[in-house]
Amino acid sequence: IGKVEAKKSSIGYPTGIAVDENTGTIYFTDMGFVDEKYGASRIMKIKNGVMETLAGGWEAVLQNYPVQHYISRKALLSIASYYRNKKENVKYEETLRKYLSLYKEKCEERYKVWELLFTLLSRDKEKQEDLKVAMDEFINEWKDKPDICIGMLWKIYGLFWRDPSRGRWILKKGFKTFPEQKLSQMMLYSYIMGSKRGSGDEIIFLCKEFLTRYPESIFRRKIENKLIDELILQKRYQEAENILKDHMKKFPVDAHRCLFRLAECAKYQDKLKEAVAYLDELHKIPGFSGSDFECRILNKEIEIYKSIGGYKEKIKELGEKRKLLGSRDREFKKALEEAGSKGKEKDYIGAVEALEKYIREFPHSERGVLYILPRIVSYLSKWKDKEKALEKLREITKGVYLPEYQIYSLLSLCRFYLSQEDVEKATGIALELADKLPENKEVYKPVSYTHLRAHETSLHLVCRLLLE
C-alpha cells in the first residue's frame with residue numbers, strides 16, 4: 001500500500017484511505033468505490049500487518065479513532081467540505097464549529113477554518129450578529145498576533161464588496177482595536193471615504209484623527225477634501241476656510257477647487273467682496289477656462305454672482321459659456337463613435353483626425369486627456385509611417401494645458417515608444433516626466449516594486465520602466 005501514489009476520482013476525492021497505526025502514516029489508494037456522501041467508501045486501518053476495513057467512510061473514522069488523532073481531524077474537514085459542496089449550510093456551520101471546539105491549537109489549519117466560518121456567516125444577512133460574536137471570539141483567541149487579526153478583518157470586509165455598507169462595522173473594529181497596525185490606516189481611510197455625504201460629527205472627528213495619526217499618508221489629500229466638504233455641510237465655514245487655505249498651499253493641483261469653495265464659504269458668511277475676489281483669482285488659473293471643472297461649477301458660480309448683485313454682464317457672459325460647454329458631451333460621444341467607426345475600417349489616420357478635432361476644440365478638457373489621448377496613441381501606433389506618427393503625437397500633446405494632467409501627455413509619448421519597442425527613447429521621456437513630479441511631491445509617493453507589478457496601470461507603467 002505504501003508504494004501506491006495518491007490518486008483522485010472523477011469528483012476529486014481519494015477512493016481509498018489506509019492508516020498504519022504502528023507508524024501513524026496515512027496512505028491514499030485507488031481501492032474501493034467513491035462514496036457519494038463523504039468521499040472514501042473504504043477506510044482501512046493497519047495494525048501489526050493486519051488490515052481491517054471500516055465501512056461508512058469518514059463517519060466511521062470519527063467512530064473508530066481518538067478525537068485528537070490526525071485522521072479524525074482530516075475526517076471532520078472532509079465532512080465539512082462535503083456539506084459545503086452540497087450547500088447544506090446548517091450542517092456545514094455545525095461541522096466547522098465542532099472542529100473549532102475540538103481542536104484548540106492555533107495553527108494555519110485552525111485559521112483556515114475560522115475563515116471558512118466567517119465566509120459562510122457573511123453571506124447571510126440574518127447571521128450578522130453571529131458573525132460579530134464569532135469575530136470577537138477570533139480576536140480574543142489571536143490577540144497576541146494583531147497582524148493576523150487585522151488581516152482577517154480586512155479579508156472578511158472584502159466579502160462585502162457587493163454591499164460595502166454592511167461591512168463598515170468590520171472597518172471600525174479594525175482601526176479602533178489595532179491602531180498601531182499598518183493596515184489600520186487603510187481601514188480608517190475606507191471607512192471615511194465610504195461614509196455618506198453629510199455624515200456629520202463622527203466623520204469630521206475621524207478625518208481629524210486620520211490627519212493627526214498619519215501626517216505623511218498618501219491619502220491625506222483626499223481626507224482633507226472630505227473634511228472640508230463635511231465642515232461646509234455643517235456650516236462651520238470659518239474652520240473650513242482655514243483648512244482650505246492651508247490645503248491650497250500643500251496641494252497646488254487642487255487650487256481651482258479650493259478657490260471655488262473659499263468663494264462659497266465667503267458667500268455664506270456674507271463676505272461678498274471676498275467671494276468675488278476668490279472667483280476672479282479662480283479664473284486666472286492656467287487651464288481653468290473651458291475645463292470640465294468650470295463646466296461643473298458654472299451654475300453655482302452664477303448663483304453666487306446673483307446673490308451678490310450688480311454683476312449682470314458677468315452673469316450673461318457665464319450663461320453664454322454654459323451653452324457653449326453644454327455641447328461638450330455631445331462632441332465627446334461623437335468623436336468616440338466616429339473614431340471607432342473608422343478604426344473598424346482600419347482607417348487609422350481618419351480615426352486620429354476625429355479625436356484630434358475634439359482635443360483642438362476643448363484643449364482644457366480633462367476627459368480629452370484621460371480618454372481621448374490614450375485612444376490617439378493606440379491608433380498612432382498602427383500607422384505605417386512611425387516618424388510621422390510620433391510627430392503628430394507631439395503636435396497634439398502640445399495643446400494639452402491642464403497642469404494637473406501634464407504627465408498624461410508625456411505618458412502618451414512614453415507608451416507610444418514602448419509600443420515600438422524603443423526602450424531608450426521611452427526611458428528618455430520617462431525621465432522628462434520624472435522632472436515634472438517634484439512640484440507635486442506631496443501627491444505622488446514612492447511605492448514598492450512588488451506593488452507596481454501587482455498594479456500595472458498606466459501611471460505605474462513609467463515607474464516600472466525606470467525601475468527595470
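Because the structure is predicted, anything quoted here is derived from the model rather than measured.
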key: Pair K86-K91, side chain to side chain contact (heavy atoms under 4.5 Å, CB included): steps then yes or no   = CA-CA 10 Å; K86 291 292 183 180; K91 291 183 177 180; over 6 Å; no
query = Do I170 and F160 pass the side chain to side chain contact (heavy atoms under 4.5 Å, CB included) test, and can you show the C-alpha distance, the side-chain angles, and the key distance before you say yes or no?
reply = CA-CA 10 Å; I170 298 176; F160 293 95; 3.5 Å; yes
query = Taking it one step at a time, do F138 and F118 satisfy ring pair (Phe, Tyr, Trp, His ring centres under 6.0 Å)?
reply = CA-CA 10 Å; F138 174 82; F118 294 146; 5.7 Å; yes
inquiry  = Y99 vs R73, test: side-chain hydrogen bond (donor to acceptor under 3.5 Å, both in side chains). Steps then yes/no.
reply    = CA-CA 8 Å; Y99 177 96; R73 295 173 68 147; 3.0 Å; yes
message = Show, in sequence, the C-alpha distance, side-chain angles and deciding distance for N89 and D124, and conclude whether the side chain to side chain contact (heavy atoms under 4.5 Å, CB included) test is met.
response = CA-CA 10 Å; N89 292 339; D124 190 345; over 6 Å; no
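Summarising the local packing, CD of Q238 is surrounded by more than 12 heavy atoms from other residues, nucleotides or ligands at distances under 6.0 Å. Heavy-atom contacts from other residues, nucleotides or ligands closer than 6.0 Å to CZ of R123 number 12 or fewer. Within 6.0 Å of NZ on K106 lie more than 12 heavy atoms contributed by other residues, nucleotides or ligands.
In this structure, F332 CZ and L355 CG are separated by 9.5 Å, a value rounded to the nearest 0.5 Å. Atoms CG and CD, from L121 and E129 in turn, are 11.5 Å apart once rounded to the nearest 0.5 Å. Interatomic distance, CG of D254 versus CD of E224, reported as 9.0 Å (0.5 Å rounding). In this structure, CG on L153 lies 12.5 Å from OH on Y157, to the nearest 0.5 angstrom. Interatomic distance, CE of M152 versus CH2 of W114, reported as 9.0 Å (0.5 Å rounding). Between L171 atom CG and I156 atom CD1 the span is 12.5 Å, to the nearest 0.5 Å.
Using a 4.0 Å cut-off between charged nitrogen and carboxylate oxygen, R97 and E137 do not count as a salt-bridge pair.
Looking only at side-chain heavy atoms (C-beta outward), F219 and I192 stay at 4.5 Å or farther from each other. Side-chain contact between E209 and L206 is present, with heavy atoms from C-beta onward closer than 4.5 Å. Contact of the L116 side chain with the Y92 side chain is registered, since non-hydrogen atoms from C-beta on lie closer than 4.5 Å. Two residues are said to be in side-chain contact when any heavy atoms from C-beta on lie closer than 4.5 Å; V113 and Y103 fail this criterion. For the pair E202/S195, no side-chain contact is recorded, criterion being any heavy-atom separation below 4.5 Å from C-beta on. A 4.5 Å side-chain heavy-atom check between L183 and F178 finds every atom pair outside the cut-off.
Across every non-hydrogen atom of L233 and G198, the tightest pair is CD1-N, 3.6 Å. Closest non-hydrogen pair, I150 versus S184, comes out as CD1-N, 3.6 Å. Shortest non-hydrogen contact noted between S101 and K104 is O-CE, 3.3 Å. Considering every non-hydrogen atom in both A335 and Y358, the closest pair reads CB-CB, 4.0 Å. When all heavy atoms of R110 and L100 are compared, the closest pair comes out as NH1-O, 2.9 Å. Counting all heavy atoms, side chain and backbone alike, S217 lies closest to F210 at OG-CZ, 3.5 Å.
Using modelled atom types, no side-chain atom of E230 and backbone atom of R197 make a donor-acceptor pair closer than 3.5 Å. Counting only distance, with no hydrogens or angles, the side chain of R166 and the backbone of Q128 share no donor-acceptor pair below 3.5 Å. For S190 (side chain) and M187 (main-chain N/O), no donor-acceptor pair under 3.5 Å exists by modelled atom type. A distance-only check finds no donor-acceptor pair linking the side chain of S81 to the backbone of L77 [under 3.5 Å].
Legend: side chain to side chain donor-acceptor pair (under 3.5 Å) pairs involving residues 173-182, not counting sequence neighbours, sorted by first then second residue: D136-K173.
Each of K127, R84, K98 was checked for a side-chain hydrogen bond (donor to acceptor under 3.5 Å, both in side chains) with E93, and the lone residue meeting it is K127.
Cation-pi geometry between R168 and Y191 is satisfied (NZ or CZ under 6.0 Å from the ring centre, within 45° of the ring normal).
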Could you give the side-chain donor-acceptor pairs of residues 259-269 under 3.5 Å, partners two or more places apart or in another chain?
from, atom 1, to, atom 2, distance (Å)
R261, NH1, N225, OD1, 3.2
R261, NH2, D229, OD1, 3.0
Q269, NE2, E241, OE1, 3.1
Q269, NE2, C265, O, 3.2

